[in-house]
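Presented below is the structure to which this report refers.
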2 protein chains.
Amino acid sequence: MPRKPEYDRDALIDLARDLFWKRGWAGTSLKDLERTLNMKPGSFYAAFGSKAALFELTLDRYAENGTRRLEALAVEHGPLGALQSYPALVIDASSSPAKACMLAKTVLELGGQEDQLAARANSHLSRMEGLFAELFRKAQAASHVSGRYDAETLARRYQSDLLGLRVSAERQNVDAQAIAREIADGLTRLSHP
Amino acid sequence: MPRKPEYDRDALIDLARDLFWKRGWAGTSLKDLERTLNMKPGSFYAAFGSKAALFELTLDRYAENGTRRLEALAVEHGPLGALQSYPALVIDASSSPAKACMLAKTVLELGGQEDQLAARANSHLSRMEGLFAELFRKAQAASHVSGRYDAETLARRYQSDLLGLRVSAERQNVDAQAIAREIADGLTRLSHP
DNA sequence: TATATACTTGAATGATCACTCAAGAAAGGC
DNA sequence: GCCTTTCTTGAGTGATCATTCAAGTATATA
């Protein structure tokens with residue numbers, strides 16, 4: 001009996017994520033969203049409720065996408081291979097609106113005022129770190145990484161290195177791919193005592 | 001003949017820097033600045049010209065302060081010792097309004113739209129990297145770091161690690177001091193072959 | 001003490017912010 | 001064709017944005 005919406009909700013969330021990713025929370029106005037999503041304010045609020053609610057959706061989608069890509073790498077190259085190829089992949093910005101991590105950008109922008117969006121970004125980062133740790137444990141089980149390291153410690157450092165890489169990739173005149181290679185090389189050296 | 005201003009310009013710039021550092025460019029309104037600097041709009045614009053002009057001043061002061069602290073460390077602990085103690089120092093946030101680097105935050109917030117404030121932050125980061133390289137060269141001259149490494153390459157990686165550390169320090173539930181220790185330990189391993 | 005020279009004040013500017021809502025348009029079931 | 005239900009439209013909300021400026025106040029020199 002009713003009328004169907006004209007938009008593809010999933011595609012809209014992707015568009016919004018790319019916009020928020022590039023310009024940040026405060027840097028993205030509702031007018032920007034209206035233009036990019038091709039929606040009038042009324043439709044926007046009927047569909048998403050608020051700017052913050054949509055941002056939350058994009059944060060979740062961003063994180064889910066990241067884990068999905070890493071898990072795909074693990075299937076293809078094994079746990080250590082995935083951890084080694086992920087850095088280069090993540091700053092290869094063809095098709096990606098920014099090189100820095102959207103979760104990190106959110107924490108930096110909103111973390112100071114204890115915003116709940118920052119808290120959510122933070123928890124996504126922690127889940128990511130957990131996935132890194134799991135891959136390190138699997139690499140240890142396969143004897144590709146020495147057992148004398150603590151997987152959580154390795155994951156914490158790997159996450160930090162990745163965040164640094166992705167900030168560096170946002171700078172001008174920095175060869176971020178070279179840094180990505182160094183991070184991958186560093187993991188190779190974990191194989192033996 | 002004239003009347004003297006009631007404010008201490010230097011102190012005001014410090015206050016503004018701390019506010020911008022914590023909340024970022026868009027997150028800091030003129031009302032915030034008026035409150036923190038205890039100035040009415042007229043005085044503010046007479047003194048600084050615009051929000052952007054003041055931000056530029058705070059960016060310069062932030063960068064100058066960073067190089068000064070690192071150079072002081074070098075005098076006290078030598079080039080390698082300075083590079084090793086800098087990471088822990090920089091995330092020891094007692095007295096500092098945020099742990100992440102203000103220059104990095106600015107690049108992340110404004111880098112996408114080719115803002116000139118982001119460009120200035122970027123060039124400050126490059127100057128910092130140059131100082132890191134100089135310290136690595138001195139450490140090599142003193143045989144504390146092996147000569148088979150390229151100082152610029154070491155500096156680029158060090159800068160990236162530092163940026164990652166400082167983003168990590170902004171997160172919840174992350175032992176950033178542990179990461180700082182790992183970075184310092186990593187430098188020790190550069191001494192031989 | 002008079003005057004020139006700042007500096008300080010705060011109301012007002014137009015623009016933009018996120019958001020609301022009443023009215024109209026489209027699609028199903030009868 | 002009619003009615004119900006949902007979606008779309010876009011003008012309008014009050015708040016806040018950075019900025020301006022005319023009027024008032026204080027100081028130093030003459």
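Protein chains get the first letters and strands the later ones, always in sequence-line order, with residue 1 at the start of each.
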Between [Y] and [X], is there a salt bridge with N-O shorter than 4.0 Å?
| X | Y | result |
| --- | --- | --- |
| A:Arg68 | A:Glu64 | yes |
| A:Asp161 | A:Arg157 | yes |
| B:Glu152 | B:Arg156 | no |

Nearest whole Å is fine: how far is [N] [atom2] from [X] [atom1]?
| X | N | atom1 | atom2 | result |
| --- | --- | --- | --- | --- |
| B:Phe44 | D:dA18 | CZ | P | 9 Å |
| A:Lys51 | C:dT16 | NZ | P | 15 Å |
| B:Phe55 | D:dA18 | CZ | P | 13 Å |
| A:Asp8 | D:dC7 | CG | C1' | 16 Å |
| B:Tyr45 | D:dA22 | OH | P | 17 Å |

**Request:** Begin with the C-alpha distance, continue with both residues' side-chain angles, and end with the deciding distance and a verdict on side chain to side chain contact (heavy atoms under 4.5 Å, CB included) for A:Leu12 and A:Met39.
**Result:** CA-CA 10 Å; A:Leu12 289 185; A:Met39 290 177 104; 3.8 Å; yes
**Asked** Do any of residues 35-42 of chain B sit with a heavy atom less than 4.0 Å from DNA chain D, and if so which?
**Response**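 Heavy-atom cutoff 4.0 Å gives B:Pro41, B:Gly42.
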**Message:** Among B:Phe48, B:Trp21, B:Trp25, exactly one meets ring pair (Phe, Tyr, Trp, His ring centres under 6.0 Å) together with B:Phe55. Which residue is that?
**Reply:**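 Only match with B:Phe55 under ring pair (Phe, Tyr, Trp, His ring centres under 6.0 Å): B:Trp25.
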**Prompt:** Tell me, which of residues 24-34 of chain A have any heavy atom that sits under 4.0 Å from an atom in DNA chain C?
**Reply:**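 Within this stretch, A:Thr28, A:Ser29, A:Leu30 sit under 4.0 Å of the strand.
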**Prompt:** Per the side-chain contact (heavy atoms from CB on, under 4.5 Å) rule, which among A:Arg120, A:Arg61, A:Lys51 passes with A:Glu56?
**Reply:**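 Going through the options one by one, the only one that passes is A:Arg120.
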**Item:** Residue pair A:Glu129, B:Arg171: steps toward the salt bridge (Lys or Arg N to Asp or Glu O under 4.0 Å) verdict
**Value:** CA-CA 12 Å; A:Glu129 198 172 306; B:Arg171 292 177 53 197; 3.1 Å; yes
**Prompt:** Passes side chain to side chain contact (heavy atoms under 4.5 Å, CB included), B:Val167 versus A:Val107? Steps please.
**Reply:** CA-CA 8 Å; B:Val167 173; A:Val107 167; 6.0 Å; no
